[in-house]
Amino acid sequence: MSTTDDLANPLPLAQALIRRPSITPADAGALGVLEAALEQLGFACRRYPFGEVDNLYARRGTASPCFLFAGHTDVVPPGAEDDWQKPPFGAEAAEDGFLWGRGAADMKGAIAAMVASVRRYLDTAGEPDGSIAFLITGDEEGPAIHGTKAVLKALADEGETFDHCLVGEPTNPNALGDTIKSGRRGSLNCTLTVTGRQGHVAYPERAENPIPPLLDLLGRLLARKLDDGVSPFQPSNLEVTSVDVGNPTTNVIPASATARFNIRFNIAHTGDALSEWIREEANLVDFNFDGHIDADIHVTGEAFLTPAGPFTTLLQDGVEAETGRRPALTTGGGTSDARFIQLYAPVAEFGLVGATMHQVDERVAISDIETLTRIYTRILDGYFRSPPA
């Protein structure tokens, strides 16, 4: 990556990023590779380290409107490397037309396309009437505490603002142009701990069994139909992920029992309202129980929706012009850092095909990285020609 001309081609940068084994929270030099590329393009770069995580914010220009590209250089572990057909951090551009490696789809290929799109846009359109920025974290695949969320707060405290954001998550399930994520469901995790009193099973009057009230509480929670779906969201769902007693014997009533569950919820709910409902149900069960029930609740993101309008139309137009497909605006799947960004600016997500993300033999078509670069270039051109309201 010795000249800015090199940056018009996304493949070398994608390979350089993949060759850095940036498994959360380790950076392994990935942000340094990206920072050097952005500095060549005239971006002012700042690092924002929090805890074990390093993050990068870069901006070119100071005027409004500001278009923000967002994403992450951290990746999930590759698993057993012997299970891969090609080295997970080798970044091989193979004869089959695919770029292989951990992070190719999620989402180093998209980051390289973002950078290349800026190079191409500057070459054809010149200086934008506004600013372009990048917010790239090393903590999206991890707890997401010291990454985008922390950087956004720091930037807000410094008076930094941006007007619209595009996140490069691999939103397409099968082919480039399938879907744009215009919203996400919220996520709530809860651990229920029921504490009773241990005793011999032959003398239940001398003990307080925690298992029946735990099952009662889970039954009450599961009995509620949260909603029927709120367009364009699917119905909210509560899934029990663990029930644990840890009792190795057959003749002892255990002292405690725990359960964990997750709720993925749409915009019919808020994290606070669901938390209050869980605690109310726990209190009702606890009322006739000579023990204690504790509900440890963490809302990791609220549901949000970026309404269809000029911004989403701009994105759809750019994708359709290059792929021939009009992408659907969807809200399915898990969470992403868009859940934090939506508090600061309208945000949507569009990136590569995610069919192999997090899997052994993660790979993306090299032609898709090129097409994504052209899509991003079109979006930049349209954005600064006629900024969305």
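Checked by atom type and distance alone, the side chain of Gln342 pairs as donor or acceptor with a backbone atom of Arg339 at under 3.5 Å. Of the possible donor and acceptor atoms, one in the side chain of Asn283 sits under 3.5 Å from a partner among the backbone N and O of Arg279. Within the 3.5 Å criterion, the main-chain N or O of Ile180 finds no donor-acceptor partner in the side chain of Thr171. Distance alone, capped at 3.5 Å, places no donor-acceptor pair between the Asn172 side chain and the Asn174 backbone. Looking only at distances, a side-chain donor or acceptor of Arg59 sits under 3.5 Å from a matching main-chain atom of Gly61. Between the Thr306 side chain and the Ala348 main chain, no donor and acceptor come within less than 3.5 Å of each other.
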side-chain hydrogen bond (donor to acceptor under 3.5 Å, both in side chains) between Asn247 and Thr249, intermediate numbers included
CA-CA 6 Å; Asn247 186 359; Thr249 68; 3.1 Å; yes

Chi angles and distances behind the side-chain hydrogen bond (donor to acceptor under 3.5 Å, both in side chains) call for Thr137, Asn55:
CA-CA 5 Å; Thr137 182; Asn55 307 280; 2.6 Å; yes

Apply the test side-chain contact (heavy atoms from CB on, under 4.5 Å) to residues Arg260 and Asn189: give CA-CA distance (whole Å), side-chain angles for both, the deciding distance (0.1 Å), then the verdict.
CA-CA 7 Å; Arg260 292 194 299 271; Asn189 291 307; over 6 Å; no

Worked verdict on Thr24 versus Asp139 for side-chain contact (heavy atoms from CB on, under 4.5 Å)
CA-CA 6 Å; Thr24 316; Asp139 189 34; 3.9 Å; yes

Verdict with reasoning, Leu13 to Leu17, per side-chain contact (heavy atoms from CB on, under 4.5 Å):
CA-CA 6 Å; Leu13 179 57; Leu17 291 170; 4.2 Å; yes

Could you go through the side-chain contact (heavy atoms from CB on, under 4.5 Å) check for Phe261 and Ile278 one step at a time?
CA-CA 11 Å; Phe261 62 85; Ile278 293 165; 3.8 Å; yes

Test salt bridge (charged side-chain N to carboxylate O under 4.0 Å, His left out) applied to Glu35 and Arg47, step by step:
CA-CA 9 Å; Glu35 183 175 10; Arg47 295 289 187 96; 2.9 Å; yes

For Arg224 and Glu281, run salt bridge (charged side-chain N to carboxylate O under 4.0 Å, His left out): C-alpha distance rounded to whole Å, both residues' side-chain angles, the deciding distance at 0.1 Å, then the answer.
CA-CA 11 Å; Arg224 177 184 173 184; Glu281 294 292 345; over 6 Å; no

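To the nearest 0.5 Å, atoms CD (Glu322) and OG1 (Thr373) are separated by 10.0 Å. Taken from OG1 in Thr258 to CG in Asp296, the straight-line distance is 11.5 Å, to the nearest 0.5 Å. One distance of note links CG of Leu152 with CG of Leu135; it measures 5.5 Å at 0.5 Å rounding. A distance of 8.5 Å separates CG in Leu314 from OG in Ser386, rounded to the nearest 0.5 Å. Here Tyr203 contributes atom OH and Ile253 contributes atom CD1; the two are 12.0 Å apart, rounded to the nearest 0.5 Å. With rounding to the nearest 0.5 angstrom, the NE2 atom of His358 is 3.5 Å from the CD atom of Glu141.
Using a 4.5 Å cut-off on side-chain heavy atoms (C-beta onward), Phe304 and Leu343 make no contact. Proximity of Val299 to Ser275: side-chain heavy atoms (C-beta onward) are separated by under 4.5 Å at one or more points. Side-chain contact between Glu169 and Asp106: present, with at least one pair of heavy atoms (C-beta onward) separated by less than 4.5 Å. Counting heavy atoms from C-beta outward, Val151 and Phe340 have side chains that stay 4.5 Å or more apart. Residues Trp277 and Leu226 have side chains in contact (heavy-atom distance under 4.5 Å, counting atoms from C-beta outward). Counting only heavy atoms from C-beta outward, the side chains of Phe67 and Ile379 approach each other to under 4.5 Å. Put simply, the side chain of Thr335 does not reach to within 4.5 Å of the side chain of Arg184, judged on heavy atoms. Side-chain contact check for Tyr344 versus Leu68: every heavy-atom pair is 4.5 Å or farther apart.
Closest approach of Ile211 to Pro254, counting heavy atoms only: CD1-CG, 3.9 Å. Between Leu99 and Ile366, the closest heavy-atom pair is N-CG1, 3.7 Å. Shown here for Phe265 and Ser236, the closest heavy-atom pair between the two residues is CA-OG, 3.3 Å. Of all heavy-atom pairs spanning Val115 and Ala37, the tightest one is CG1-CB, 4.4 Å. Nearest heavy-atom pair across Gly318 and Arg378 is O-CD, 3.9 Å. Considering every non-hydrogen atom in both Phe350 and Gly177, the closest pair reads CZ-N, 3.9 Å.
Note on Leu315: it does not cluster hydrophobically with Val347, by side-chain heavy-atom contacts below 4.5 Å among ILVMFWY residues. A single hydrophobic cluster is not seen to contain both Trp84 and Val76; linkage of ILVMFWY side chains at heavy-atom distances under 4.5 Å, directly or through other members, places them apart. Linking ILVMFWY residues whenever their side-chain heavy atoms come closer than 4.5 Å, directly or via other members, leaves Val360 and Phe98 in distinct clusters. Under a hydrophobic-cluster definition in which Ile, Leu, Val, Met, Phe, Trp and Tyr are linked whenever side-chain heavy atoms come within less than 4.5 Å, directly or via other members, Leu222 and Ile263 are assigned to the same cluster. Ile267 and Leu188 fall into different hydrophobic clusters, defined by Ile, Leu, Val, Met, Phe, Trp and Tyr side-chain heavy atoms under 4.5 Å apart, directly or through other members.
When the shell of 6.0 Å around CD of Glu39 is examined, it contains more than 12 heavy atoms from other residues, nucleotides or ligands. Sparse packing is recorded around CD of Glu95, with 12 or fewer heavy atoms of other residues, nucleotides or ligands lying under 6.0 Å away. For Asp129, the CG atom sits in a loose shell: 12 or fewer heavy atoms of surrounding residues, nucleotides or ligands are nearer than 6.0 Å.
Among Thr148, Val53, Asp54, Leu155, the single residue meeting the side chain to side chain contact (heavy atoms under 4.5 Å, CB included) criterion with Tyr48 is Leu155. Paired with Asp317 under the rule salt bridge (Lys or Arg N to Asp or Glu O under 4.0 Å), one option of Arg326, Arg385, Arg325 passes, and it is Arg326. Considering His72, Glu349, Glu140, Lys181 in turn, Glu349 is the only one that fulfils the side-chain hydrogen bond (donor to acceptor under 3.5 Å, both in side chains) rule with Ser336.
Between Phe311 and His164, the angle of the ring planes lies from 30° to 60°, which puts this pair in the tilted group. Between Phe69 and Tyr376, the ring planes are tilted. Angles from 30° to 60° get that label.
A side-chain N or O of Asn262 and one of Ser187 form a donor-acceptor pair less than 3.5 Å apart.
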